[in-house]
Structures are given as C-alpha cells and as structure tokens.
Amino acid sequence: MATQAAASADERIKTESITTRLMKRPELGAIGGVILVTIFFLFTASPSMFTLAGIMNFLTPAAQLGILGIAAAMLMIGGEFDLSIGSMVAFAGMIFGVLVVNMGLPLILAIPLTMGFAALVGAANGAIVLRTGLPSFIVTLAFLFILRGASLVGLKIFTGGATQLRGVRDAVAADWLTPIFSGHAFGGLFRWMADQGWTAKLASGTPAVPGIPVSILWFVAVTLIATFVLLRTPAGNWIFATGGDKNAASNSGVPVRRVKISLFMLTACAAALVAIITVIDTGSTDARRGFMKEFEAIIAAVIGGCLLTGGYGSAIGAFFGAIIFGMVTIGLTYTGFDQDWFQVFLGGMLLLAVVFNNVIRKRVTGER
C-alpha cells in the first residue's frame, strides 16, 4: 500500500490540465495578441480591412518581416542575437542588383551567389562571437554599421554616385525563376473566383485581388520548415540545448560551435531572401532598404515567445508576431488614428511580451 501511495504521488506520472499545457506554449502570447488586435480593428477600422484585398495588404509586409523574424527566433532560441539582418537586406540587395544589372547574370546564378555572400557574412559574425567571447549583441551591432556603410559605398561605385540601383525588373523580366520570387501566385484561380462573384472586381473587370503575393507563400513555407526543424529533428534539439545551457549541451555531444555559426548563417540568408524578393518586386535596390528591420524582427520573435536568455521559443510564435506587425502597420491606415501611434504600439508590445515571457519562464522552470 505504501508503495502504491508513493507511486501515485510520483511527479513523473503527474498529469497536467489542458490550461497548464497551453500556458507553457511559447506562442500563446502572440496568438492572444492577434486576437486582441483583430478585435480592436473590427471596432475601429473600415470594414474593407478584412476583405480579401485588405487581408492581402497587411499580410504582405507581415510576410517580409516574418521571414526575418523566424530566422531571428531560431537564433534567439540558440542563445544569440543578430542586429545586422536589417543592414544585410540592403547589402544583399546591392549584391543581387549588381549581379543581375551590371553583370547580366541569370537568376539561377545570381541568387546562389547572393546567398553565398550572405552566408559568408553570417559565418563571420558567428566565428567572431565564438572566437572572441564577445556578446553577439556587440559583434552584430558593429556589422550593422559595416554592412550599411558597405551598401552605401558599393552602390555609389556601381552606379556612378547614386545610392539606388535601378533596372532590376527589366533585367529579370524574361527569367524563368522570376515568378518564384515576385508577383502573385494562383492568378487563374483568383480570376475564376472573381468571375463567379465570390471576390470583388475592379471597374476594368479585372479581379481586385490578382492572386496570393509570392512573399506570403515564402513566409508560410519558411514557417513550416522552421517548425519542422525545431520540433521534429535532432538539429532542433541541438538548437534548444545550445540556447538553454551551452556547456551542458557541449558535454552531451552537441556541436555547439557548428549550431551557432549555422544559425548566424541562417539569419543572413533569410535577410538575403527578403532582399531578393523585395528587389525583384520593386525593380530597384537602395542603401536604406531593411532600415530598422533588425529590431522589428527581434521584437516579432519576442512577441512570439522567445526568451531573451535563449533555449525557449517558437517559429509559429514569430509567425503570429509578424502578423501583428502587419495588421497594425496597415490597419492604422483604415482608421482615423495617426499612423505614428505604431511606434507607441511597438514599444508597448515589446514591454508586454518581455513581462509575459518572464512569467511563462518562471512557470516552466519552477523559479520563484
């Protein structure tokens, strides 16, 4: 009888309620934030915000930020920061623009080369952090200025003094890879839906929504891949272990150095992907592209449940964190509010997310 009583009290077989399990999910705060922001705009914004066209309008900037935010989230789970990803968007955009406009390379060569340049910079970030022992905050802050300055100088060299490189759209217009990185997908389906009267048409008779922006599809794909890696692969376990306690992880056989450098390379390549998508879409690149995106990406990751101390977070949380940004950025244009309120929202959401995540961390770890 005593043995049975001891077994019944054994915490290893203790069951948890659904509420408790939900409270431990890192993306809980971001999902709650999406619900609250949606309710807010339902009462304050024009009804057109939640039409199909309106939803596509706020998902497009959310997608670009989300690709950065998910990569930043994975790096934060691994215990590091990268403040250079915004500048990397400008730097990679310059590299890509020079390759396709000045050198006339096809996308099948220009895209891997751009990714390769970005990966090298990411590897350099990680190697410096690991070799010197300096905080990644300091190292990547330095690269923030280095890459931004290199973008300015490089564009002036290749354009004869300008800080903007044009002609990208014409250079890639006939390339077979262009539709994969630019424009809208499923155009035929959306035309058929408009003909059936299910979606709106413009006065000219064309669909109000020509398709799903390709950047949104990349956003969803990156989210799914990152979630699979984090939750279903040994690499995901290594990332969580490295961010939780790198010494214990190393002693357990986790290749901590390789994991961290790979994560820095990932954030740089995510920035390069965003650069390629935006440069092809707009047809040009400039030195200010990606300005402040490093902070927005980190905030999206924090809103999504990533702890500043590492070892805890979620790609799905960063997905919803980016959607909150997109909703507020575009949603304010559907209301009578001054759009500068977005800055107030940005700081407020960061503070609330850190406080909320701190409470969750204590609940998960049992700290007092």
Side-chain angles (χ1 to χ4, degrees), residues 26 68-92 115-151 226 229-230 234-272 290 292-302 304-315 318 350 353-354 357-358 361-362 364-365 367:
L68 298 176
I70 290 167
M74 294 183 72
L75 181 61
M76 289 177 65
I77 294 171
E80 304 292 350
F81 288 91
D82 189 348
L83 293 180
S84 68
I85 53 177
S87 296
M88 176 55 77
V89 173
F91 181 75
M115 290 290 186
F117 274 106
L120 286 174
V121 175
N125 266 330
I128 293 172
V129 169
L130 293 171
R131 182 64 63 89
T132 64
L134 291 171
S136 54
F137 176 90
I138 299 299
V139 173
T140 57
L141 180 63
F143 269 89
L144 181 154
F145 292 103
I146 292 170
L147 294 176
R148 187 69 67 180
S151 302
V229 169
L230 287 174
N237 293 332
W238 291 350
I239 292 170
F240 281 106
T242 299
D245 188 332
K246 64 179 182 180
N247 292 326
S250 182
N251 292 335
S252 301
V254 174
V256 171
R257 181 182 179 85
R258 192 198 319 165
V259 168
K260 286 184 178 287
I261 291 179
S262 297
L263 290 173
F264 277 108
M265 294 171 69
L266 174 67
T267 58
C269 287
M292 292 292 290
K293 289 300 180 183
E294 56 273 351
F295 298 107
E296 293 180 7
I298 290 173
I299 293 172
V302 172
C306 289
L307 293 179
L308 301 178
T309 52
Y312 187 77
S314 163
L350 174 61
V354 171
N357 288 344
N358 190 50
R361 176 178 59 80
K362 289 182 178 179
V364 171
T365 61
E367 295 179 13

*Would you check if Val302 and Met76 make a side-chain contact, meaning some heavy-atom pair closer than 4.5 Å?*
yes
_Identified side chain to side chain contact (heavy atoms under 4.5 Å, CB included) partner of Thr267 from the options Thr140, Leu68, Asp82_ = Asp82
_Could you check whether any side-chain heavy atom of Arg258 comes within less than 4.5 Å of a side-chain heavy atom of Trp238, counting everything from C-beta outward?_
yes
*Are any side-chain N or O atoms of Lys246 and backbone N or O atoms of Val256, one a donor and one an acceptor, separated by less than 3.5 Å?*
no
_Closer than 3.5 angstrom, by distance alone: can the side chain of Ser84 be matched with the main-chain N or O of Leu144 as a donor-acceptor pair?_
no
*Distance-minimising heavy-atom pair for Ser151 and Ala90*: OG-C, 3.5 Å
*What pair of heavy atoms forms the shortest contact from Met74 to Ala226, and how long is it?*
SD-CB, 3.7 Å
*asked:* Please find the pair of heavy atoms, one from Ala71 and one from Ala270, that lie closest to each other, and give the distance.
replied: CB-CB, 3.6 Å
*Just by modelled atom types, is the Phe81 backbone N or O under 3.5 Å from a matching donor or acceptor in the Ser136 side chain?*
yes
*Over all heavy atoms of both residues, which pair between Ser87 and Glu294 is shortest? Give the atoms and the distance, please.*
N-OE1, 3.7 Å
_Donor-acceptor contact below 3.5 Å, side chain Thr132 vs main chain Leu134_ = yes
*Euclidean distance, Ile85 CD1 relative to Ile298 CD1, rounded to 0.5 Å*: 6.0 Å
*CG-OG1 distance between Asp245 and Thr309, expressed to the nearest 0.5 angstrom*: 11.5 Å
*Evaluate the side-chain proximity of Ile239 to Leu75: yes if any heavy-atom separation is below 4.5 Å, no if none is.*
no
*asked:* Between Val121 and Phe264, is there a side-chain heavy-atom distance shorter than 4.5 Å?
replied: no
*At their closest point, which heavy atom of Ala119 faces which heavy atom of Cys269, and how far apart are they?*
CB-SG, 3.9 Å
*To the nearest 0.5 Å, what is the distance between CD1 (Ile70) and OG (Ser314)?*
9.0 Å
*Flag if over 12 foreign heavy atoms under 6.0 Å of CZ, Phe240*: yes
*Taking all non-hydrogen atoms of both residues, which atom of Tyr312 and which atom of Gly305 are closest, and how far apart?*
CD2-O, 3.5 Å
*Phe143 side chain near Leu83 side chain, heavy-atom distance below 4.5 Å*: no
*asked:* Please report the interatomic distance CE(Met115) to CE(Met265), rounded to the nearest 0.5 Å.
replied: 12.0 Å
*NZ on Lys260 to CG on Asn125, rounded to 0.5 Å*: 13.0 Å
*Could you tell me the separation between the CD1 atom of Ile128 and the CD1 atom of Ile261, rounded to the nearest 0.5 Å?*
10.5 Å
